There are 2 protein chains.
Amino acid sequence: MKVDPVLFAKALADETRQEIMKCLCCVWLSVNDVVDALGGKVNQPTVSHHLKKLEEAGLVMVRQEGRQRFYTLNQEQVTVCCGNLIQRFAPEYGKKPDCR
Amino acid sequence: MKVDPVLFAKALADETRQEIMKCLCCVWLSVNDVVDALGGKVNQPTVSHHLKKLEEAGLVMVRQEGRQRFYTLNQEQVTVCCGNLIQRFAPEYGKKPDCR
DNA sequence: TTGACTTATTGATACCTGTCAATATATAAT
DNA sequence: ATTATATATTGACAGGTATCAATAAGTCAA
């Protein structure tokens, strides 16, 4: 799934959302787990809203289980998108010294 | 100069700003040069506004020359910030297969 | 000094978005 | 069926921001 670099940046351009991503790094959490992990900073609808944004950017994966939905960070997507940014804005960095 | 990952993402989270970054990739341009390069999409004050944002995020370098100010993309900063994002959100990607 | 040029700043406006309260939807348990 | 639980959606509101027109500030030329 190819992701627009602006969409990717927009998804990252929020403090709370980056905290959520941190929580979901390398582990599957339900929505309420995330709410708890944030320690009452925001409430459940807000977390759902952020998770939706992250999902639209392809940054999280979802797995339904009973009445819960488990999310985890898509680390490959993060890596790919960051690589795309470097490709786009620093293509020859490290190659042509005269460019700097 | 250490850059906050949220600030970095915010700087990238705009279509016009990414276009400006593209223009400034590997070349020094005056403000009016950037305005022209964008082909009348936005006017001069708007470009100045965006350049200020990019400067605050450490993504561009500035050089004064006469009455003009020349900007260029700081490719090293882009590379470093992207590396930081990967470090933060995909630290062990490619190392621990059990993590995926 | 005056005028021309380049860029930054200010004020106004419209749009976007993060947040919450309330509610809806869906699923499981009894 | 009814109740409880988990999550998503809606509506409202406040704060942020992208944009422009107008103006200011700084610099060079004459």
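Small disclaimer: the values here were computed from a predicted structure and weren't measured. So you know, we letter chains A, B, ... as the sequences are listed, proteins then strands, and number each from 1.
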In whole angstrom, what separates A:R63's CZ from C:dT27's C1'? 17 Å
Does the side chain of A:F89 come within less than 4.5 Å of B:L12's, by heavy atoms? yes
Looking at A:N32, does any N or O in its side chain come under 4.0 Å of the phosphate oxygens OP1/OP2 on D:dT5? no
What protein N or O atoms touch nucleotides 16-19 of chain D N or O atoms at under 3.5 angstrom, if any, and at what distances?
residue: D:dA18; atom: OP1; partner: B:R17; partner atom: NH2; Å: 3.3
residue: D:dA18; atom: OP2; partner: B:R17; partner atom: NH1; Å: 2.9
residue: D:dT19; atom: OP1; partner: B:T16; partner atom: OG1; Å: 3.0
residue: D:dT19; atom: OP2; partner: B:H50; partner atom: NE2; Å: 2.3

Atom CD of B:E65 and atom C1' of D:dC28 are separated, to the nearest Å, by 14 Å
On the nucleotide C:dT7, are OP1 or OP2 found under 4.0 Å from the side-chain N or O atoms that B:K52 carries? no
Mind checking A:Y71 for me? I need base, sugar-phosphate or nothing, with any heavy atom below 4.0 Å counting as a touch. sugar-phosphate
Closer than 4.0 Å, any side-chain N/O of B:R69 to the OP1 or OP2 of C:dA8? yes
Length of the line joining A:R67:CZ and D:dT3:C1', which is rounded to integer Å: 10 Å
D:dC20 C1' sits how many Å from B:L38 CG, rounded? 15 Å
With a 4.0 Å limit, can you tell me whether B:S48 has a side-chain N or O closer than that to the phosphate oxygens OP1/OP2 of C:dT9? no
How close or far is atom P of C:dT9 from atom CD of B:Q44, stated in whole angstroms? 11 Å
Within this structure, what is the CG-to-P distance between A:L54 and C:dT17, rounded to whole angstrom? 14 Å
Euclidean distance, atom CD of residue A:Q68 to atom C1' of D:dA6 [Å, nearest integer]: 7 Å
